[in-house]
Amino acid sequence: MTASQRIDQMIAELADWRGKTLADLRKAVLRADPGIVEEWKWMGSPTWSRDGLIAVGNAHKNKVKLTFAHGASLPDPDGLFNAGLDGNARRAIDLFEGDRVDARALTALVRAAIDHNRTSLKKNASAGANKRAGKTA
């Protein structure tokens, strides 16, 4: 079974509001870039990557959580992040029953995460490779 099929199955098994919410989040994430890769990691979590990890989705008992790996480094002009605000790297969006996904704002946030991955992560990888090779920048 592919990662996308496992995510489909997970959403289908969440017969309450959490399944629809996770499906809406997924749709907005995938709309951001056709090169986004869906994966199934950490014993049952859907993840989305493009030039590095973008986000992890989880359905909890009373909420659906979308955690951005480098959320602390991302602009959030629409104020989507409402959890994990005191961490050094990650930021999350917690959605509770009755909350709506702002698909436009979420897609923009995912695009910002991809831009971050392309610039900061590649820059850091290059610096590490140069250091290992004994070069200085």
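We count residues from 1, following the sequence as given. Atoms considered below: every heavy atom in the structure, side chains included; atoms not considered: hydrogens, waters and symmetry mates.
- Across all their heavy atoms, W17 and K63 have their closest contact at CH2-CA, 3.6 Å.
- Using modelled atom types, one finds no donor on one side chain facing an acceptor on the other under 3.5 Å when comparing Q5 with Q9.
- Under the 4.5 Å side-chain heavy-atom criterion for Ile, Leu, Val, Met, Phe, Trp and Tyr, I7 and L25 are members of the same hydrophobic cluster.
- What you find for R91 and G84 is that their closest heavy atoms are NH1-O, 3.1 Å.
- For the atom pair CD (E97) and OG1 (T21), the distance works out to 8.5 Å, reported to the nearest 0.5 Å.
- Across all their heavy atoms, A92 and T67 have their closest contact at CB-OG1, 3.8 Å.
- The CG atom of L95 lies 11.5 Å from the CG atom of N62; values are rounded to the nearest 0.5 Å.
- The nearest pair of heavy atoms linking N88 to A72 is O-CB, 3.5 Å.
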With side chain to side chain donor-acceptor pair (under 3.5 Å) as the test, would you mind laying out the steps for T47 and E38 before giving the verdict?
-> CA-CA 6 Å; T47 67; E38 290 190 302; over 6 Å; no
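- Between the OG atom in S120 and the CG atom in D51 there is a gap of 12.0 Å [rounded to 0.5 Å].
- In this structure R18 satisfies the salt bridge (Lys or Arg N to Asp or Glu O under 4.0 Å) test together with D16, sequence neighbours excluded.
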Could you walk me through whether W40 and M1 pass the side-chain contact (heavy atoms from CB on, under 4.5 Å) check?
-> CA-CA 10 Å; W40 186 258; M1 183 180 299; over 6 Å; no
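- Each of L30, D24, L22, V29 was compared with R26 under the side chain to side chain contact (heavy atoms under 4.5 Å, CB included) criterion, and only L30 meets it.
- Salt bridge absent: D115 and R50 never bring a charged side-chain N and a carboxylate O closer than 4.0 Å.
- When every heavy atom of A113 is checked against every heavy atom of I54, the shortest pair comes out as CB-CG2, 3.8 Å.
- Ring geometry for H116 against H70 counts as tilted: the plane angle lies between 30° and 60°, on a 0 to 90° scale.
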For side-chain contact (heavy atoms from CB on, under 4.5 Å), just list the numbers for L66 and W48, CA-CA rounded to whole Å, side-chain angles, deciding distance to a tenth of an Å, and then say yes or no.
-> CA-CA 10 Å; L66 185 65; W48 296 275; 3.7 Å; yes
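- Rounding to the nearest 0.5 Å gives a distance of 4.5 Å between CG of N58 and NE2 of H60.
- Note on D78 versus R104: salt bridge recorded, some NZ/NE/NH1/NH2 to OD/OE distance being below 4.0 Å.
- The distance from the CG atom of L106 to the CZ atom of F68 is 5.0 Å, given to the nearest 0.5 Å.
- Listed for the D94 side chain is no donor-acceptor partner under 3.5 Å among the backbone atoms of K65.
- Hydrophobic clustering places I93 together with L85 (ILVMFWY residues linked when any side-chain heavy atoms are closer than 4.5 Å, directly or through intermediates).
- Under a hydrophobic clustering in which Ile, Leu, Val, Met, Phe, Trp and Tyr are joined whenever their side-chain heavy atoms come within less than 4.5 Å, directly or via other members, V56 and V101 fall into different clusters.
- For the atom pair R31 CZ and I36 CD1, the distance stands at 11.0 Å (nearest 0.5 Å).
- Pairing each heavy atom of F81 with each of L74, the nearest pair is CZ-CD1, 4.3 Å.
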